[in-house]
*Asks:* 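Got a structure here, written out as structure tokens. Questions coming.
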Amino acid sequence: MRVLVTGGAGFIGSHVVRALASGGHEAVVFDALLPSAHGSSRVTAPLPGVRTVVADVRDRGAVAAALSGIDAVCHQAAMVGLGKDFADAPEYVGCNDLGTAVLLAEMAAAGVRDLVLAGSMVVYGEGRYDCPRHGPVRPGPRTVADLEAGRFEPHCPACGAELQPGLVTEQAGTDPRNVYAATKLAQEHLASAWARATGGRAVALRYHNVYGPGMPRDTPYAGVASFFRSALERGEAPRVFEDGGQRRDFVHVRDVAAANAVALAAVRERQPGTFDVYNTGSGRPHTIGEMARALSSAHGGAAPVVTGEYRLGDVRHVTADSRRLREELGWKPETDFTAGMREFAASPLRDAQ
């Protein structure tokens with residue numbers, strides 16, 4: 001199978017390319033090599049001999065040319081993270097949503113009908129919570145006043161009781177809380193509309209907090225694991241926001257790449273006009289404080305500092321149930337948290353700006 005991997009020179013995309021090659025498939029990389037992800041590096045191929053197209057996914061002509069002879073698309077290209085502030089919104093929407101619309105339109109014209117989309121757990125907003133009195137509830141966005149006062153935990157919107165965080169399933173409602181999250185949900189809606197309109201087959205993998213070798217360093221568009229690893233490399237202590245008790249699911253990038261390979265094989269067996277989503281996580285939640293301590297210990301660097309700072313677009317807890325991906329597609333994460341953090345602590349980071 002010949003697969004076009006958008007964003008294929010990036011952090012996750014390059015690992016997807018390697019996973020496809022190990023499975024006997026041919027990958028074609030399509031990447032704009034944005035400075036926010038690649039810095040001044042001009043490395044254009046994750047593997048020797050891989051065909052690489054350096055172009056923006058919003059360029060219809062370039063996308064159309066790259067789709068010639070392609071059997072399926074693995075769409076990883078996107079701006080990620082919370083960025084600097086809301087001024088980034090046009091660029092996020094342009095890269096993520098306009099780019100996805102252009103890709104899907106050209107796939108329709110080229111007759112390419114199989115798609116795996118890099119989704120994100122951020123589409124859920126806050127995760128699942130249970131109130132001891134009212135059962136499952138969905139708390140609203142946290143207020144500036146509460147965050148300033150160090151009241152980080154959401155409470156029951158009905159009675160104000162403390163809530164117990166749990167695992168979100170794919171059937172949960174979506175509630176994006178920042179620009180990036182809104183663009184990722186829009187990508188899913190576009191992919192679903194494309195599948196219905198064209199008879200295409202699409203799967204979105206809602207990634208959790210992906211980490212591992214090749215993460216970009218020192219950029220506001222990276223994930224929290226990259227922030228901490230960059231600080232340790234500079235000889236500084238990782239700065240942990242809030243009280244460090246935020247729950248996340250840290251999943252290794254090789255496991256995410258393997259999930260993409262499995263999904264690409266599975267999507268080709270689906271009925272035309274179908275779209276589905278799968279949570280993609282390790283299945284073992286950890287707090288951000290735990291992750292920072294594990295990474296600092298493995299690196300031999302300074303202990304993390306809990307700052308009490310916050311970002312208004314962040315959610316408190318979001319961890320999802322990934323059983324469907326395991327049971328329906330046979331995927332299983334192979335890298336456990338301790339081993340993964342030990343490897344990540346010693347791995348080089350990708351230069352970015």
Side-chain angles (χ1 to χ4, degrees), residues 1-21 23-32 45-47 50-80 95-120 183-184 186-207 256-278 280 329:
M1 179 168 56
R2 181 179 292 173
V3 182
L4 183 70
V5 183
T6 69
F11 166 48
I12 296 175
S14 60
H15 284 273
V16 171
V17 169
R18 295 185 187 100
L20 292 173
H25 303 294
E26 178 185 352
V28 176
V29 170
F30 189 103
D31 202 299
L47 290 173
V50 173
R51 180 187 165 211
T52 300
V53 178
V54 180
D56 195 303
V57 74
R58 292 169 286 189
D59 183 337
R60 297 193 71 153
V63 172
L67 285 168
S68 177
I70 292 296
D71 300 308
V73 173
C74 188
H75 185 29
Q76 306 292 319
M79 286 184 67
V80 301
C95 287
N96 296 0
D97 298 337
L98 176 58
T100 298
V102 168
L103 173 67
L104 294 172
E106 295 305 324
M107 288 176 65
V112 179
R113 295 292 183 262
D114 295 320
L115 171 71
V116 172
L117 171 68
S120 176
T183 67
K184 295 308 289 184
Q187 283 185 313
E188 290 190 8
H189 290 323
L190 287 166
S192 178
W194 166 83
R196 289 195 304 272
T198 67
R201 299 171 291 198
V203 163
L205 299 176
R206 288 177 174 169
Y207 301 161
V256 168
N260 276 273
V262 167
L264 279 165
V267 74
R268 298 173 67 82
E269 304 300 321
R270 299 292 172 95
Q271 291 295 314
T274 58
F275 171 80
D276 206 352
V277 298
Y278 290 94
T280 308
L329 303 191

*Asks:* Roughly how far, to the nearest 0.5 Å, is the CD1 atom of I12 from the SG atom of C74?
*Replies:* 10.0 Å

*Asks:* List the atom of D31, the atom of G10, and the distance in Å for their closest heavy-atom pair.
*Replies:* OD2-N, 3.4 Å

*Asks:* Consider side chain to side chain contact (heavy atoms under 4.5 Å, CB included). Of L4, V50, V73, which one does V28 pass it with?
*Replies:* L4

*Asks:* Closest approach of A66 and F30, non-hydrogen atoms and distance?
*Replies:* CB-CD1, 3.6 Å

*Asks:* Does N96 reach the main-chain N or O of M79 with its side chain, forming a donor-acceptor pair under 3.5 Å?
*Replies:* yes

*Asks:* Mind checking whether V80 and F11 have side chains closer than 4.5 Å, heavy atoms only?
*Replies:* no

*Asks:* What's the separation between atom CD in Q76 and atom OH in Y207, rounded to the nearest 0.5 Å?
*Replies:* 3.5 Å

*Asks:* For residues R270 and V203, determine if any side-chain heavy atom of one lies less than 4.5 Å from a side-chain heavy atom of the other.
*Replies:* yes

*Asks:* Which heavy-atom pair separates A191 from F275 by the least distance, and what is that distance?
*Replies:* CB-CE1, 3.8 Å

*Asks:* Answer yes or no: is there an ion pair linking E26 with R51, defined by an N-O contact shorter than 4.0 Å?
*Replies:* no

*Asks:* Do the non-hydrogen side-chain atoms of N260 and L205 ever get within less than 4.5 Å of each other?
*Replies:* yes

*Asks:* Going by the rule side chain to side chain contact (heavy atoms under 4.5 Å, CB included), which residues pair with A27 if we only count those two or more places apart in sequence or in a different chain?
*Replies:* V5, V17, L20

*Asks:* Please give me the minimum heavy-atom distance between R60 and V102, naming the atom from each residue.
*Replies:* CG-CG1, 3.6 Å

*Asks:* Testing the basics here: between A118 and K184, what is the closest heavy-atom pair and its distance to 0.1 Å?
*Replies:* O-NZ, 2.6 Å

*Asks:* For the atom pair CG (L264) and CG (L329), what is the distance rounded to the nearest 0.5 Å?
*Replies:* 11.0 Å

*Asks:* By side chain to side chain contact (heavy atoms under 4.5 Å, CB included), which residues pair with T100, not counting sequence neighbours?
*Replies:* H75, L104, Q187, L190

*Asks:* If every non-hydrogen atom of V57 is compared with every non-hydrogen atom of C95, which pair is closest and at what distance?
*Replies:* CG1-O, 4.2 Å

*Asks:* Look at R2 together with D71 and state whether they make a salt bridge at an N to O cut-off of under 4.0 Å.
*Replies:* no

